Structure formats: structure tokens, C-alpha cells
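Here the structure comes first, spelled out in C-alpha cells, and everything after it is commentary.
Since we're looking at a predicted model, the values are computed, not measured. Quick note: residue numbers are just sequence positions, from 1.
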Amino acid sequence: GPCYCDQACARTLDCCHDYAQACPGIPCVVSQWSAWSGCAEPCKTTYRVRTRHIIQEPRNGGEACPALEERAGCVEYWTRQGAECQQSLIPALITTGKFGKARKKRAVADDSEKAGYCVEFQLVALTPGCVHSQHSSSGWTRSLREGLRVCVECQHPALQPPRQHCHGDGTGSQQNQLLHWQAVGNHRCKGTWRRIRQLDTCSCPSVHSFLFI
């Protein structure tokens, strides 16, 4: 009788004798990937998507279809309306608070300067390169620990116009949003923290006080 191309016969063991020749396996065929979409949401770490569609469904036990959607991480620094995102996405560059004394001596003071401010953060995560730093210039990073509260001062030379804020200070970030920081002088020391509050002056011990660069 005729050979019916029903792949279930491979399980029930009642395939006709010429099944392989009469019913060759046809693999799935898919299209090329589409172009990447934009980020799912602007002004935050999120993802972009590309897709493809099925051109030929698999038949007779042919190779199954691969994934039809692929995602990749991305960040867009502009809103849908073309405005620049707030600073919460920009990693904060920090150094030891001891640098502030030398910085203030070099700064030229005048009456038009806006006073600086301090931001208190809680460290969430940091890389092993912070604790195991062997460089004397970046030895201050060895005091960093997960869960520690630190103060980071924004002094006049680092204030950025027009909003007079330091880059990466978390202004405009959502509550409990994870923000990124990077230690200056030790590229292996970086991590995340949460902004707690902004203060006029820092109240942390000097070992836990830092500066925005």
C-alpha cells in the first residue's frame, strides 16, 4: 500500500519499508534576523530585541525550529522625545576624600561659586579588585565593604553646569535603584550602590568619605 508520511510510525514501529526514501526529514527553515529594536525603555539599563520568522515548518522528524527571538542588554541615554536622560545612568567616578584638601587649595574661590554638597550611599556590590588592590595610590579602596554606608562629596571643581551636579550622583534616580561607581586609579575596582540621601556636608568617618571626580 501507499506510504503515509506520519513520523509517529517511528515510535509505533510500523513504518513502511521505504519510509526514509518516501518521507525524507525536512528541517525547519527560518528567515534572517531582523534589525535590532531600540531599547525597551529609555534612561535605564534594559534590553533590545531582534526576531525572525518560520519559513518552513519541520516535517517528517526534521530538525526543530531554533529560537525566534533574541535579546541583548542595552542603555539609551535619550528619551523618546529626544531629551537627555537624567544622570542616574552615568557611573560615578570616585576617589579618596583626602584628595579634597589639595583640590580646595588649587580652586580659585569667588562669590559666584555654588557650595558643594554630599551624597550618602550604601554599597551593594563591589569587585574583588577593590579589596585586593596592591597599589599604594589606590589603597583607599581596601576599606570598601558590601553593606557599608559611605559619603561622597561633590566639590566645586566637579560641579557640572547647568544643573550644578556631579556626574553619577544619582540625581533623579528611583528609590532603591542600583547605581554604578568606578574607583579612579584602580580600573579593577567598581561596583553598585543605592543612594540614601543628599546632605549639605558629609558626616561619615574620613575612611569612608570620598569625592566625585
Separation of [Y] [atom2] from [X] [atom1] (nearest 0.5 Å):
{"X": "Thr171", "Y": "Arg195", "atom1": "OG1", "atom2": "CZ", "value": "4.5 Å"}
{"X": "Ile55", "Y": "Cys65", "atom1": "CD1", "atom2": "SG", "value": "10.5 Å"}
{"X": "Glu120", "Y": "His208", "atom1": "CD", "atom2": "NE2", "value": "12.0 Å"}
{"X": "His180", "Y": "Lys190", "atom1": "NE2", "atom2": "NZ", "value": "10.0 Å"}
{"X": "Thr95", "Y": "Asn186", "atom1": "OG1", "atom2": "CG", "value": "10.5 Å"}
{"X": "Trp33", "Y": "Leu68", "atom1": "CH2", "atom2": "CG", "value": "7.0 Å"}

*Which residues pass the side chain to side chain donor-acceptor pair (under 3.5 Å) test with Glu69, sequence neighbours left out?*
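Result, side chain to side chain donor-acceptor pair (under 3.5 Å) vs Glu69: Arg71.
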_Ser31: which residues meet the side chain to side chain donor-acceptor pair (under 3.5 Å) condition with it, sequence neighbours left out?_
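Scan of Ser31 (side chain to side chain donor-acceptor pair (under 3.5 Å), adjacent residues dropped) gives His53.
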Looking only at heavy atoms, which two atoms of [X] and [Y] are closest? And how far apart?
{"X": "Ser203", "Y": "Cys151", "result": "N-SG, 3.9 Å"}
{"X": "Val150", "Y": "Leu123", "result": "CG1-CD1, 4.2 Å"}
{"X": "Ser37", "Y": "Arg48", "result": "O-CB, 3.5 Å"}
{"X": "Ile54", "Y": "Cys28", "result": "CG2-SG, 4.2 Å"}
{"X": "Trp181", "Y": "Leu144", "result": "CH2-CD1, 3.8 Å"}
{"X": "Leu126", "Y": "Glu146", "result": "CD2-N, 3.9 Å"}

*Donor-acceptor pair, Gln182 side chain versus Ala92 backbone, under 3.5 Å?*
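No, because the side chain of Gln182 does not come within donor-acceptor range (under 3.5 Å) of the backbone of Ala92.
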_Arg194 (side chain) donor-acceptor with Asn176 (main chain) under 3.5 angstrom_ =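 Checking the backbone N and O of Asn176 against the side chain of Arg194, a donor-acceptor pair under 3.5 Å is found.
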*Classify the ring geometry between Phe210 and Trp140 as parallel (under 30°), tilted (30 to 60°) or perpendicular (over 60°).*
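The arrangement is tilted - the two ring planes meet at 30° to 60°.
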*asked:* Between Arg59 and Gln56, do the side chains contain a donor N or O and an acceptor N or O under 3.5 Å apart?
replied: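 Their side chains do not contain a donor-acceptor pair, so the 3.5 Å distance test is not met.
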_Quick check: is Leu179 connected to Leu148 through a chain of hydrophobic side chains (ILVMFWY, heavy atoms under 4.5 Å apart)?_
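The answer is yes; both residues are in one hydrophobic cluster.
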*Applying the 4.5 Å side-chain criterion to the ILVMFWY set and letting contacts propagate, would Ile196 and Val152 be lumped into a single cluster?*
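In one cluster with Ile196: Val152, no.
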*Walk me through it: do Trp193 and Gln122 pass the test side-chain contact (heavy atoms from CB on, under 4.5 Å)?*
CA-CA 5 Å; Trp193 56 20; Gln122 184 170 29; 5.9 Å; no
*Give yes when the SG atoms of Cys154 and Cys166 are nearer than 2.5 Å, otherwise give no.*
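Yes - the two cysteines, Cys154 and Cys166, have SG atoms within less than 2.5 Å of each other.
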